[in-house]
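Accompanying notes for the structure given below.
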Amino acid sequence: MTVKLSVNVSGAVGTRLRQIAFDERVSESSIVGIALELLFDQTKETSMGSYLRDRGASLRRGAG
């Protein structure tokens with residue numbers, strides 16, 4: 001089963017993602033999926049929030 005997601009990334013990340021996908025002849029979504037699997041495998045669930053916030057993650061939606 002797959003789930004379709006829509007995400008915003010910085011211009012630098014998007015440019016790098018597109019370039020790697022083009023150069024390596026793979027899809028952007030496969031790169032993102034594998035990167036997320038690695039993140040989940042390498043980060044303990046109990047420290048995931050701290051790990052993400054330390055790297056600038058936040059809620060994107062407006063309050064209320």
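Side chains are part of it too, since the values below use all heavy atoms of this structure and drop only hydrogens, waters and symmetry mates. Note that this is a predicted model, so its numbers are computed, not measured.
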Sequence neighbours excluded, which residues qualify as side chain to side chain donor-acceptor pair (under 3.5 Å) partners of Asp54?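 Asp54: no side chain to side chain donor-acceptor pair (under 3.5 Å) contacts found.
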
What residues form a side chain to side chain donor-acceptor pair (under 3.5 Å) with Glu24, not counting sequence neighbours?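 Residues passing side chain to side chain donor-acceptor pair (under 3.5 Å) with Glu24: none at all.
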
CD1-CG distance between Ile31 and Leu17, expressed to the nearest 0.5 angstrom: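 Ile31 atom CD1 to Leu17 atom CG measures 5.0 Å (nearest 0.5 Å).
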
Result block: side-chain N/O donor-acceptor pairs under 3.5 angstrom for residues 41-53, not counting sequence neighbours:
unit_1, atom_1, unit_2, atom_2, d
Thr43, OG1, Leu39, O, 3.0
Ser47, OG, Lys44, O, 3.2

Got a sec, which hydrophobics cluster with Leu38, joining ILVMFWY side chains under 4.5 Å apart, including via others?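 Under the 4.5 Å side-chain rule, Leu38 groups with Ile34.
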
With sequence neighbours excluded, give me every side-chain hydrogen bond (donor to acceptor under 3.5 Å, both in side chains) pair touching residues 27-40.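 Listed by first then second residue: Ser27-Ser29, Ser27-Ser30.
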
For residues 9-16, please give each side-chain donor-acceptor pair under 3.5 Å, one per line with the distance, not counting sequence neighbours.
unit_1, atom_1, unit_2, atom_2, d
Ser10, OG, Val13, N, 3.1
Thr15, OG1, Gly11, O, 2.9

